[in-house]
Amino acid sequence: MQYFLVKSEPFKYSWDKFNQDGRTFWDGVRNYQARNNLKEMKEGDLVLFYHSNEGKNVVGVAKVVKEFYQDPTTEDKNWVVVDLVPVETLKNPVSLETIKKDERLIDIALVRQGRLSVMQLKQAEFDRILELGAG
DNA sequence: GCCAACGTTGGC
DNA sequence: GCCAACGTTGGC
């Protein structure tokens with residue numbers, strides 16, 4: 001079991017919209033590092049959903065239901081998507097500020113490499129964020 | 001709206 | 001293959 005975090009601008013695709021849809025393919029990744037992380041995802045892996053720009057917090061947990069395949073929005077073979085479904089909404093969204101202040105989360109890619117949109121998390125980091133989100 | 005970080009592109 | 005220029009992301 002692996003753990004990940006994905007970013008989305010709420011204007012583009014929000015957690016609410018995701019829950020209304022019930023399932024989505026995660027498209028729009030146009031960065032090789034992020035793409036490689038997408039390819040690492042296996043069915044059943046858990047993914048934190050982070051709102052960038054607006055909110056700047058982790059709002060919920062999603063699950064991988066289909067491993068990577070060709071991005072249907074482009075012909076370019078470089079890009080892939082995975083299918084995700086929502087699992088649970090965090091009671092207390094965990095803000096970037098909170099994450100930055102937590103010594104156990106100081107090392108995660110969200111902080112270290114701000115621009116990366118798909119990243120892997122250690123289980124301890126994933127658990128810690130859920131703990132903070134439970135309120 | 002600004003700017004830092006950083007990935008990508010293209011000239012040499 | 002290096003590196004300057006440029007574009008994009010995302011925090012502030």
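These numbers were taken from a predicted model, which means no experiment stands behind them. Quick note on labels: first sequence line is chain A, next is B, and so on, each numbered from 1.
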Going by the ring pair (Phe, Tyr, Trp, His ring centres under 6.0 Å) test, which pairs reach into residues 54-93 of chain A, not counting sequence neighbours?
A:Tyr32-A:Trp79

Parallel, tilted or perpendicular: ring planes of A:Phe49 versus A:Phe18, cut at 30 and 60 degrees
parallel

Side chain to side chain contact (heavy atoms under 4.5 Å, CB included) filter on A:Glu88, not counting sequence neighbours, yields A:Val61

Closest non-hydrogen contact found for A:Ala34 with A:Asn31 is N-OD1, 2.9 Å

Quick check: does any side chain N or O of A:Asp45 sit under 3.5 Å from a backbone N or O of A:Val64, one acting as donor and the other as acceptor?
no

Shoot me the first and last contacting nucleotide of DNA chain C against chain A, ordered 5' to 3', at under 4.0 angstrom to non-hydrogen atoms.
C:dG7 to C:dC12

Kindly state which residues belonging to residues 9-19 of chain A come within less than 4.0 angstrom of DNA chain C, counting heavy atoms of the residue only, listed by number.
none

State which residues pass side chain to side chain donor-acceptor pair (under 3.5 Å) with A:Gln33; sequence neighbours excluded, sorted by chain then number.
A:Gln113

Looking at DNA chain C, which of residues 97-110 of chain A put a heavy atom within less than 4.0 Å of it?
A:Lys100

Hey, is the main chain of A:Asn78 close enough, under 3.5 Å, to the side chain of A:Arg35 for a donor-acceptor pair?
yes

Classify the side-chain pair A:Asp71/A:Thr73 by whether it contains a donor and acceptor separated by less than 3.5 Å.
yes

Check whether more than 12 heavy atoms from other residues, nucleotides or ligands sit under 6.0 Å from atom NZ of A:Lys39, and answer yes or no.
yes

So, for A:Ile99 and A:Ile108, which heavy atoms are closest and what is the spacing to 0.1 Å?
CG2-CD1, 3.8 Å

